[in-house]
Trainee: 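Have a look at this one.
What you see below is based on every heavy atom in this structure, not just the backbone, and it leaves out hydrogens, waters and symmetry mates. Indexing begins at 1, ligand by ligand and atom by atom, following the structure's order. In what follows, residues are counted from 1 in the order of the sequence shown.
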Amino acid sequence: MIERPRGTRDMFPEEMEKRRSVENTLRDVVENFGYGEIMTPSFEHTRLFMEKSGPNIVDEIYAFEDKGGRKIALRPEFTASVMRMYHEGMRERPKPVKLYYFGSVFRYERPQSGRYREFWHFGTELIGPDTPMADAENIALAHECLRKLGLDDFELRLSNLRILSTFLQEKGVPENKMTEIFHQIDKGDLDKLGEYEFGIELLNLLQGEKMEDHLENKEPVEYLYEVLRLLEHYGISPDDYRVDLRTVRGLDYYQGMVFEIDSGSLGAEKQICGGGDYKLGSIFGTDVSAKGFAFGFDRVVLALGEAGGSVPQKRSCYVIPIGEETRESSLRILRSLRDEGITADIDLMERGVGKALSYAHKTGFTTALMLGENEMNRKEVGVKDLISGEQCMVPEDELVAFFKCGT
Ligand code: HAM
């Protein structure tokens, strides 16, 4: 038996129905905020991902040489691709450029519950503005998505990376050391920070109280407060988030406001969203600002559990021809229903009525249409409501109207 590769999943129709409903809600929200959908290739030149994150990124992604000897990688996220796309074809567009995407991404990770090698990102990028208004809109959009999905057990943590970078600059820490410290904070290795002479002060700063007291240049703290004030006008109050300077984000391109969202109902892999302010333009010779985020779509669906994506039951009918002679008339009825947009299916197994009805029941059909020879001769159809069990005869030429008035 050939099994699916590690870290991948098969998705059954029930799962897909739920995912589609979550996806549609997210689409509605981001389009309501003025974002337009894009798509980028599933694979890119490996260089695109190495340029900012360094050569070690190759260990974490699906990178290979194609038959033409090109170094190619499956996308581990969309942000770098979107910036490439923007610089290749959208630079002349009026700013801000507001884009969203939904697609699968690939990372060579150790799989566990909620952590996959193929998973889906639903994300946005807001290209152009470098203002507190744009940061507020970016964070508010992610929050609004979860609100509209009906998810309320989550925690939004946010920070301005410039607070930490300004502090470290003022302490004379060189750039490469700064990156190392950021990585230590990201991994939660706070003990190691005590080794620096400014370690205690850094730990106090990370507590988040009186942040401005630790900085000569107060601008980054004021910027953060301005974003928080603006969030109030999006209906996001201090109860809805936590300022946490330890939120530094693993990816190397962030530089200003950053945020992460954790779900309260998930286990170890509980982060459902991450994003913030970043610059990737330098790879393409510009310094364009951008802000965005991506939901780990699969984790959002997991976090919603049974609550998410309850799909209204469709009025759908299952046509059961009784005997060979009624097959052609049954197909005619089936087509007339489908042509009118009524979800309809027919027994393809040539089963008896009992077994066909049992199948219709088990697979969620709401109505069965039974056509025997007598009914056919009278131009009538036996209609059985599979929920109430009620049964009646309906003239064939009134069937469509019968279903339409019931929907
Ligand atoms: P990220 O935090 O690396 O950010 O990924 C976004 C989300 O993807 C995470 O918060 C998490 O929910 C989900 N995720 C990450 N790894 C896995 C995995 N192995 N299995 C399942 N879900 C996973 C980014 O990728 C940035 N591009 C976000 C962004 C957009 N920043 C600016 N614009």
Side-chain angles (χ1 to χ4, degrees), residues 5-9 11 19 22 26 30 35 38 40 44 48-49 52-53 57 60-62 73-86 96-128 130 134-135 137-139 141-142 145-146 149 151 154-159 161 186 247-263 265-281 288-304:
R6 228 164 103 70
T8 65
R9 286 153 301 150
M11 288 169 202
R19 290 171 69 95
V22 174
L26 293 176
V30 299
Y35 285 71
I38 50 156
T40 64
E44 297 271 2
L48 178 67
F49 306 114
K52 191 75 190 172
S53 306
I57 187 81
E60 295 162 31
I61 63 181
Y62 278 86
L74 300 185
R75 59 181 179 220
E77 52 132 20
F78 277 84
T79 307
S81 301
V82 175
M83 290 317 279
R84 181 202 42 70
M85 172 183 181
Y86 168 78
V97 175
K98 299 174 100 177
L99 308 171
Y100 84 92
Y101 47 81
F102 176 56
S104 55
V105 292
F106 309 85
R107 294 186 189 177
Y108 198 75
E109 302 210 66
R110 204 161 32 81
Q112 64 177 66
S113 170
R115 195 203 289 152
Y116 314 104
R117 288 184 169 175
E118 181 190 26
F119 56 100
W120 270 255
H121 267 176
F122 191 105
T124 67
E125 311 297 344
L126 168 55
I127 305 169
D130 192 9
D135 275 305
E137 168 112 336
N138 187 37
I139 298 166
L141 174 55
C145 283
L146 296 179
L149 283 172
L151 192 81
F154 66 86
E155 184 182 50
L156 166 62
R157 290 175 283 111
L158 42 79
S159 175
L161 290 183
D186 191 34
T247 307
V248 294
R249 308 279 299 129
L251 297 167
D252 297 307
Y253 46 62
Y254 296 100
Q255 47 180 13
M257 291 296 302
V258 287
F259 68 98
E260 288 176 348
I261 303 176
D262 296 329
S263 158
S265 59
L266 297 181
E269 300 298 321
K270 61 180 191 252
Q271 196 191 116
I272 54 173
C273 183
D277 167 83
Y278 64 93
K279 277 211 168 114
L280 269 173
V288 68
S289 304
K291 299 164 200 295
F293 63 81
F295 281 111
F297 184 81
D298 312 78
R299 293 186 189 169
V300 170
V301 174
L302 279 175
L304 282 165

Trainee: Just jot down the ligand 1 atoms closer than 4.0 angstrom to any heavy atom of Tyr101, in number order.
Mentor: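 Reading through ligand 1 atom by atom, the close ones are 30 (C).
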Trainee: Closest non-hydrogen protein atom to atom 13 (C) of ligand 1, residue and atom name please, with distance?
Mentor: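 The protein heavy atom lying closest is Gly296 CA, 3.5 Å.
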Trainee: What's the spacing between Phe154 CZ and Leu149 CG if we round to 0.5 Å?
Mentor: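 If I round to the nearest 0.5 Å, the distance is 9.5 Å.
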Trainee: Assess Ile272 for proximity to ligand 1: is some non-hydrogen atom of it under 4.0 Å away?
Mentor: yes
Trainee: Nearest protein heavy-atom contact for atom 24 (C) of ligand 1: which residue, which atom, what distance?
Mentor: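 Of every protein heavy atom, Leu251 CD1, 3.5 Å lies nearest to atom 24 (C) of ligand 1.
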Trainee: Please work out which of Arg107, Glu109, Arg115, Glu77 has its closest non-hydrogen atom nearest to atom 3 (O) of ligand 1.
Mentor: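 Looking at heavy atoms only, Arg107 sits closest to atom 3 (O) of ligand 1.
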Trainee: Could you pull out, from Tyr116, Phe106, Trp120, the option with a heavy atom nearest to atom 20 (N) of ligand 1?
Mentor: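 Considering heavy atoms of Tyr116, Phe106, Trp120, the nearest to atom 20 (N) of ligand 1 sits in Tyr116.
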Trainee: Is Gly123 near ligand 1, meaning one of its heavy atoms is under 4.0 Å from it?
Mentor: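 The answer is no, since Gly123 has no heavy atom less than 4.0 Å from ligand 1.
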Trainee: Minimum heavy-atom separation for Asp135 to Asp277, with atom names?
Mentor: OD1-CB, 3.8 Å
Trainee: If we only consider heavy atoms of Gly114, is any one of them less than 4.0 Å away from an atom in ligand 1?
Mentor: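 Gly114 counts as a contact of ligand 1 under the 4.0 Å cut-off.
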Trainee: Identify the closest protein heavy atom to atom 8 (O) of ligand 1: which residue and atom is it, and at what distance?
Mentor: His121 NE2, 2.9 Å
Trainee: Determine, for Tyr108 and Arg117, whether the Lys NZ or Arg CZ falls below 6.0 Å from the six-membered ring centre while staying within 45 degrees of the axis.
Mentor: yes
Trainee: Any sub-3.5 Å donor-acceptor pair from Arg75's side-chain atoms to Glu44's backbone N or O?
Mentor: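 Not at all, since once roles are kept as given, no pair shorter than 3.5 Å links the two residues.
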Trainee: Taking the minimum heavy-atom distance to atom 31 (N) of ligand 1, which of Tyr253, Tyr278, Phe297, Tyr254 ranks first?
Mentor: Tyr254
Trainee: What protein heavy atom is closest to atom 9 (C) of ligand 1, reported as residue, atom name and distance in Å?
Mentor: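 Residue, atom and distance for the closest contact: Gln271 OE1, 3.8 Å.
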Trainee: Only one of Phe102, Tyr100, Phe297 passes side-chain contact (heavy atoms from CB on, under 4.5 Å) with Leu26; say which it is.
Mentor: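 For Leu26, the side-chain contact (heavy atoms from CB on, under 4.5 Å) test succeeds with only one of Phe102, Tyr100, Phe297, which is Phe297.
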Trainee: What side-chain donor-acceptor pairs closer than 3.5 Å can you find for residues 118-125, not counting sequence neighbours?
Mentor:
residue : atom : partner : partner atom : Å
Glu125  : OE1  : Tyr278  : OH           : 2.7
Glu125  : OE2  : Thr79   : OG1          : 3.0
Glu125  : OE2  : Tyr101  : OH           : 2.7

Trainee: Side chain or backbone of Cys273 under 4.0 Å from ligand 1, or both, or neither, by non-hydrogen atoms?
Mentor: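 For Cys273, only backbone atoms sit under 4.0 Å from ligand 1.
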Trainee: Short list, please: which atoms of ligand 1 are under 4.0 Å from a heavy atom of Arg249?
Mentor: 1 (P), 2 (O), 4 (O)
Trainee: Report, as yes or no, whether the 6.0 Å neighbourhood of atom NZ on Lys270 holds more than 12 heavy atoms from other residues, nucleotides or ligands.
Mentor: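 Count not over threshold, so no.
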Trainee: If every non-hydrogen atom of Arg299 is compared with every non-hydrogen atom of Gln271, which pair is closest and at what distance?
Mentor: NH1-O, 2.9 Å
Trainee: Do me a favour and list the nearest non-hydrogen protein atom to atom 16 (N) of ligand 1 with residue, atom name and distance?
Mentor: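 Checking every protein heavy atom, the shortest distance to atom 16 (N) of ligand 1 gives Phe119 CZ, 3.3 Å.
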Trainee: Is the shortest heavy-atom distance from the side chain of Ile61 to the side chain of Leu74 under 4.5 Å?
Mentor: no
Trainee: Distance under 4.0 Å to a non-hydrogen atom of Gly274: what atoms of ligand 1 satisfy this?
Mentor: 10 (O), 28 (C), 29 (C)
Trainee: Salt bridge or not for Arg157 and Glu260, using N-O below 4.0 Å?
Mentor: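 Yes, charged N to carboxylate O under 4.0 Å.
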Trainee: Which of the numbered atoms in ligand 1 are under 4.0 angstrom from any heavy atom belonging to Glu125?
Mentor: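 Contacts of ligand 1 toward Glu125, numbered from 1: 30 (C), 32 (C), 33 (N).
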